[in-house]
Amino acid sequence: MIPALFLARHAIGPDDAIAFLPRDAREQAAFDRLRANGIVRETAPGRFYFDLDAHHAAVERRRRLAVPIAIIVSMLIAWIATRFFRG
């Protein structure tokens with residue numbers, strides 16, 4: 001939801017920073033995570049922008065972790081399935 005807001009307002013660079021104040025605790029937690037990961041950056045007090053490069057790097061990090069896990073889980077499921085096969 002927060003990324004969509006920044007993208008809709010084209011706040012994707014320091015010159016395009018917008019004022020933003022989270023509306024509730026859930027939005028505040030998401031905003032804090034984005035800032036901690038360097039995806040949302042502050043240019044001046046209360047003015048932020050969405051760093052697309054940092055966002056794409058975070059997506060790539062998650063993908064690099066998820067693919068091996070998915071392979072291992074798939075192999076485990078296949079192994080378990082063969083244990084129950086009665087042919």
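Reckoned from all heavy atoms, side chains included, excluding hydrogens, waters and symmetry mates.
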For the atom pair [atom1] ([X]) and [atom2] ([Y]), what is the distance rounded to the nearest 0.5 Å?
| X | Y | atom1 | atom2 | value |
| --- | --- | --- | --- | --- |
| R33 | Q28 | CZ | CD | 10.5 Å |
| I18 | F48 | CD1 | CZ | 9.5 Å |
| R23 | M1 | CZ | CE | 4.0 Å |

Residue pair [X] / [Y], side-chain heavy-atom distance below 4.5 Å:
| X | Y | answer |
| --- | --- | --- |
| F20 | V40 | no |
| F31 | I2 | yes |
| P22 | D32 | no |
| D15 | T43 | no |

Do you reckon [X] sits in the same ILVMFWY cluster as [Y], going by side-chain contacts under 4.5 Å, direct or chained?
| X | Y | value |
| --- | --- | --- |
| Y49 | I12 | no |
| F84 | I77 | no |
| L7 | L34 | yes |

Over all heavy atoms of both residues, which pair between [X] and [Y] is shortest? Give the atoms and the distance, please.
| X | Y | value |
| --- | --- | --- |
| F50 | P3 | CE1-CB, 3.6 Å |
| E27 | L21 | OE1-O, 4.2 Å |
| A54 | G38 | CB-O, 3.3 Å |

> Ignoring hydrogens and geometry, is there a side-chain-to-backbone donor-acceptor pair from E42 to G46 under 3.5 Å?
Replying inline: yes
> Does the N37 side chain pair with the main chain of I39, one donor and one acceptor, at a distance under 3.5 Å?
Replying inline: no
